[in-house]
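Only a predicted model underlies this, so the values are computations on that prediction, with no experimental measurement involved.
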Amino acid sequence: LSISEKDAIRNQFIKCWRMPAGSKDVENLIVRLLVQLNPDGTLITSELATDQLGRYSSDPFFRAAADAAKRAVVQCTQPPLGPLQNLPADKYGSWRSMELNFDPSQLLY
């Protein structure tokens, strides 16, 4: 995928993501999800990256951010907001499985 195609996909997810109010140390709340999509842009699976599972169990602020990221993936890939749009069908092999980073600094415009 080109950088502009990756950015277009990422931006569709970011628009659905809302950081929980009152989060502490937001610069350290980067959530990584492993996402699999159907050819039509709907969700197959979404899982927290394995190396973040311990933090999910022990840090309530991280857990809230991760849960918000998971909700964003579901919202953006299911009606009424989804499925994802403008996905290059001929590059399905490149975007069917992806790692998404939900970084609070991306929400600051």
A.B. asks: Hey, which of T77, V74, L33 is the one that makes side chain to side chain contact (heavy atoms under 4.5 Å, CB included) with S46?
C.D. replies: L33
A.B. asks: Could you pull out the closest heavy-atom pair between W95 and P88, with the gap in Å?
C.D. replies: NE1-O, 2.9 Å
A.B. asks: Distance to the ring centre below 6.0 angstrom and angle to the axis at most 45 degrees; does that hold for K70 and Y56?
C.D. replies: yes
A.B. asks: Just by distance, do the side chain of Q12 and the backbone of C76 share a donor-acceptor pair under 3.5 Å?
C.D. replies: no
A.B. asks: Donor-acceptor pair, distance only, cut-off 3.5 Å: does the side chain of N38 make one with the backbone of G41?
C.D. replies: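 Not confirmed, N38 side chain does not pair with G41 backbone.
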A.B. asks: Hey, quick one: are L84 and L34 part of the same hydrophobic cluster, counting side-chain heavy atoms closer than 4.5 Å, chains of contacts allowed?
C.D. replies: no
A.B. asks: For F62, run the side chain to side chain contact (heavy atoms under 4.5 Å, CB included) check against I30, L48, D67 and tell me which one passes.
C.D. replies: L48
A.B. asks: Check whether any side-chain heavy atom of L43 sits under 4.5 Å from a side-chain heavy atom of V73, and report yes or no.
C.D. replies: yes
A.B. asks: Might you confirm whether atom NZ of K91 has over 12 heavy atoms from other residues, nucleotides or ligands at distances under 6.0 Å?
C.D. replies: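 More than 12 within 6.0 Å, yes.
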A.B. asks: Enter the distance from Q36:CD to S97:OG here, rounded to the nearest 0.5 Å.
C.D. replies: 4.0 Å
A.B. asks: So, for A72 and F102, which heavy atoms are closest and what is the spacing to 0.1 Å?
C.D. replies: CB-CE2, 4.2 Å
A.B. asks: Can you name the nearest heavy-atom pair linking C16 to L81, along with the distance?
C.D. replies: SG-CD1, 4.0 Å
A.B. asks: Hey, any chance I9 and I14 share a hydrophobic cluster, counting ILVMFWY side chains that come within less than 4.5 Å of each other, even indirectly?
C.D. replies: yes
